[in-house]
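Only heavy atoms go into these numbers, but all of them, side chains included; no hydrogens, no water, no symmetry mates.
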Amino acid sequence: MSAIRIGNLHKSYGATPVLRGVDLEVAAGEVVCVIGPSGSGKSTLLACLNGLEPFESGEVVVDGQHIGWGPERGGARQRVPERAMTLARRRIGIVFQAFNLFPHMTALGNVMEAPVQVLRRPRAAVEAEARALLARVGLAHKADAYPADLSGGQQQRVAIARALAMQPAVMLFDEVTSALDPELVGEVLAVMRKLAEEGMTMLVVTHEMGFARDVADRVVFMDAGLVVEQGPPAAVLGNPREPRTRSFLGRVL
Ligand code: ADP
Ligand code: MG
C-alpha cells in the first residue's frame, strides 16, 4: 500500500493555477525528494497533503486516509468529515523552513505539547518518550533550553523531534535547511538521513542536491505545477531526460 497517493491534483490560488494535475505516489518506507524552481508548487503540494490548503479536485490519500476539505470548512469539493481530517492529519508530521517552535516553551515542552494536549496522554510517559526523541536528534542536553537559546540547526532538530512525537506515518519536510547558516545545515541533514535509514516514509522538498543524491530512493522534479520527471537520483540528477530538468540542474548544481 502506498503511504501517500496523489492523483490528478488541481489547486489554484484565485484564478492562478498552481498545481495542474499532480500525480505522485510514495511507498511505505520510501524517501522521495522533490526538487524544482521557486514557485513551481512544491510547498503548496505539501500544504494540500497536510490539509492546510483546500484544492479543487484530485485525490489525496495519506496512510489510507482521504485528505480533503470538509463541508465545515466551507469548500465542500472533497467531502471528508472534519473528524476524519483531524485523525488523518495526526498521521502526518511536517517541518517547515521557518523555525516555528513555541517560544515560551523549552525544547522538552515543545516535544511534549501535542501528545499531552492533543492526544491527552499521561505526562510521565510522554516525557520519557520526548527525552528519548531529543536524544535521537542529539539534543538530550538541551531539554531545558528555550528556542531563543538554541541555534537554528538545534531548533530544526527540536522541530523534527516534535513532529516525531505524534508517531506519524509519514514525514514532510519543506526546505528545512534553507534558512540555516551553512555550517548548521549538516547537523539537520544528518538527523534526516538517520530517520531515512530507520525506515521512515519521507517526502522532502529540498535544494540540497547532495542529500537527494545520497538519501533519496527517488527524485521528483516539479515545474509550473506539474511533475515533469521522476526516477532514481542517479538518473534524474545525473542524466535527466527533460530539457527543463537539465536547465534547472544547470542553474543549481
Ligand atoms: P514553491 O514552494 O515551489 O516555491 P509555492 O507552492 O510556494 O512554490 O508557490 C507556487 C505558486 O503559488 C507561486 O506562484 C506562489 O506565488 C503562489 N502562492 C503560494 N502561496 C500562495 C497564497 N497563499 N496565495 C496566493 N498565491 C500563492
Ligand atoms: Mg516552497
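Side chain of K42 to backbone of G36: a donor-acceptor contact under 3.5 angstrom is found. At least one donor-acceptor pair closer than 3.5 Å links the side chain of Q156 to the backbone N or O of F96. Side-chain N or O atoms of D174 include none that pairs as donor or acceptor with a backbone N or O of S43 at under 3.5 Å. Between the side chain of Q154 and the backbone N or O of S151 there is at least one donor-acceptor pair closer than 3.5 Å. Put simply, the side chain of E25 never gets that close to the backbone of S2: no donor and acceptor are under 3.5 Å apart. Remark: the backbone N or O of N50 is paired with a side-chain donor or acceptor of R89 at under 3.5 angstrom.
When hydrophobic clusters are built by joining Ile, Leu, Val, Met, Phe, Trp and Tyr residues whose side-chain heavy atoms come closer than 4.5 Å, directly or via intermediates, V60 is grouped together with I92. Taken together through direct or relayed side-chain contacts under 4.5 Å among Ile, Leu, Val, Met, Phe, Trp and Tyr, V252 and F211 form parts of separate hydrophobic clusters. With hydrophobic clusters built from ILVMFWY side chains whose heavy atoms lie under 4.5 angstrom apart, M166 does not share a cluster with L87. Criterion: ILVMFWY side-chain heavy atoms under 4.5 Å apart, direct or through other members. Under it, V95 and V31 are part of a common hydrophobic cluster. Residues I6 and I94 fall within the same hydrophobic cluster, defined by Ile, Leu, Val, Met, Phe, Trp and Tyr side chains chained together at heavy-atom separations under 4.5 Å.
Summarising the geometry of G51 relative to M85, their closest heavy-atom pair is CA-CE, 3.6 Å, with the distance given to 0.1 Å. For the residue pair N110 and P147, the shortest heavy atom distance occurs at ND2-CG, 4.1 Å. When all heavy atoms are compared, the tightest approach of V188 to I160 is CG1-CD1, 4.2 Å. Considering all non-hydrogen atoms of both residues, A165 and V111 come closest at CB-O, 3.4 Å. H104 and Y146 get closest at one heavy-atom pair: O-CE2, 3.4 Å. Nearest heavy-atom pair across S40 and A224 is CB-N, 3.7 Å.
One finds no salt bridge joining E229 and R246 here, because no Lys/Arg side-chain nitrogen approaches an Asp/Glu carboxylate oxygen to under 4.0 Å. Note on E53 versus K11: salt bridge recorded, some NZ/NE/NH1/NH2 to OD/OE distance being below 4.0 Å. Classification of R193 and E197 as a salt-bridged pair fails, no side-chain N sitting under 4.0 Å from a carboxylate O.
A heavy-atom distance below 4.5 Å is not found between the side chains of R91 and V170. By the 4.5 Å heavy-atom criterion applied to side chains, V215 and M192 are not counted as neighbours. Two residues are said to be in side-chain contact when any heavy atoms from C-beta on lie closer than 4.5 Å; Q230 and V219 fail this criterion. Looking only at side-chain heavy atoms (C-beta outward), P37 and D223 come within less than 4.5 Å of each other. Within the 4.5 Å cutoff, no side-chain heavy atoms of T201 are placed close to those of L172. Counting only heavy atoms from C-beta outward, the side chains of S12 and E56 approach each other to under 4.5 Å. Side-chain contact between C48 and L9 is present, with at least one heavy-atom pair separated by less than 4.5 Å. Looking at heavy atoms from C-beta onward, L195 lies in side-chain contact with R136 at the 4.5 angstrom threshold.
Applying the side chain to side chain contact (heavy atoms under 4.5 Å, CB included) criterion to A145, with sequence neighbours excluded, gives K142, L150. In this structure N239 satisfies the side chain to side chain contact (heavy atoms under 4.5 Å, CB included) test with no other residue, sequence neighbours excluded. For F221, the ring pair (Phe, Tyr, Trp, His ring centres under 6.0 Å) partners two or more places apart in sequence, or in a different chain, are F248.
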Please report the C-alpha distance between R251 and S247 in whole Å, then the side-chain angles of each, then the deciding distance to 0.1 Å, and finally whether the side-chain hydrogen bond (donor to acceptor under 3.5 Å, both in side chains) criterion is met.
CA-CA 6 Å; R251 278 179 274 131; S247 145; 3.3 Å; yes
Given V236 and T245, is the side chain to side chain contact (heavy atoms under 4.5 Å, CB included) satisfied, shown in steps?
CA-CA 8 Å; V236 175; T245 318; 4.2 Å; yes
Could you check L119 against R90 for side chain to side chain contact (heavy atoms under 4.5 Å, CB included), going step by step and ending with a plain yes or no?
CA-CA 9 Å; L119 302 182; R90 283 183 195 164; 3.7 Å; yes
Run the side chain to side chain contact (heavy atoms under 4.5 Å, CB included) test on V228 and M222 for me, step by step, so that the C-alpha distance in whole Å, both residues' side-chain angles and the decisive distance to 0.1 Å come before the verdict.
CA-CA 5 Å; V228 171; M222 278 183 71; over 6 Å; no
Pair R162, E113 - check salt bridge (charged side-chain N to carboxylate O under 4.0 Å, His left out), show working.
CA-CA 8 Å; R162 184 175 64 173; E113 178 67 8; over 6 Å; no
CA sep, side-chain torsions, deciding dist, call: L203, L46, side chain to side chain contact (heavy atoms under 4.5 Å, CB included):
CA-CA 9 Å; L203 186 57; L46 295 194; 3.7 Å; yes
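Within the model, atoms CE of M209 and CZ of R213 stand 10.0 Å from one another, a figure rounded to the nearest 0.5 Å. A distance of 4.0 Å separates CG in L139 from CZ in R157, rounded to the nearest 0.5 Å. Once rounded to the nearest 0.5 Å, the distance linking CE of M202 with CG of D217 reads 10.0 Å. The line from NE2 of H10 to CG of L19 is 9.0 Å long, rounded to the nearest 0.5 Å. In this structure, CG on L49 lies 8.0 Å from CG on L24, to the nearest 0.5 angstrom. If you take CZ on R123 and CE on M112, they are separated by 4.0 Å, rounding to the nearest 0.5 Å.
In the model, S178 has a side-chain atom that pairs as donor or acceptor with a side-chain atom of E175 under 3.5 Å. Between the side chains of D144 and T106, no donor-acceptor pair of N or O atoms lies under 3.5 Å.
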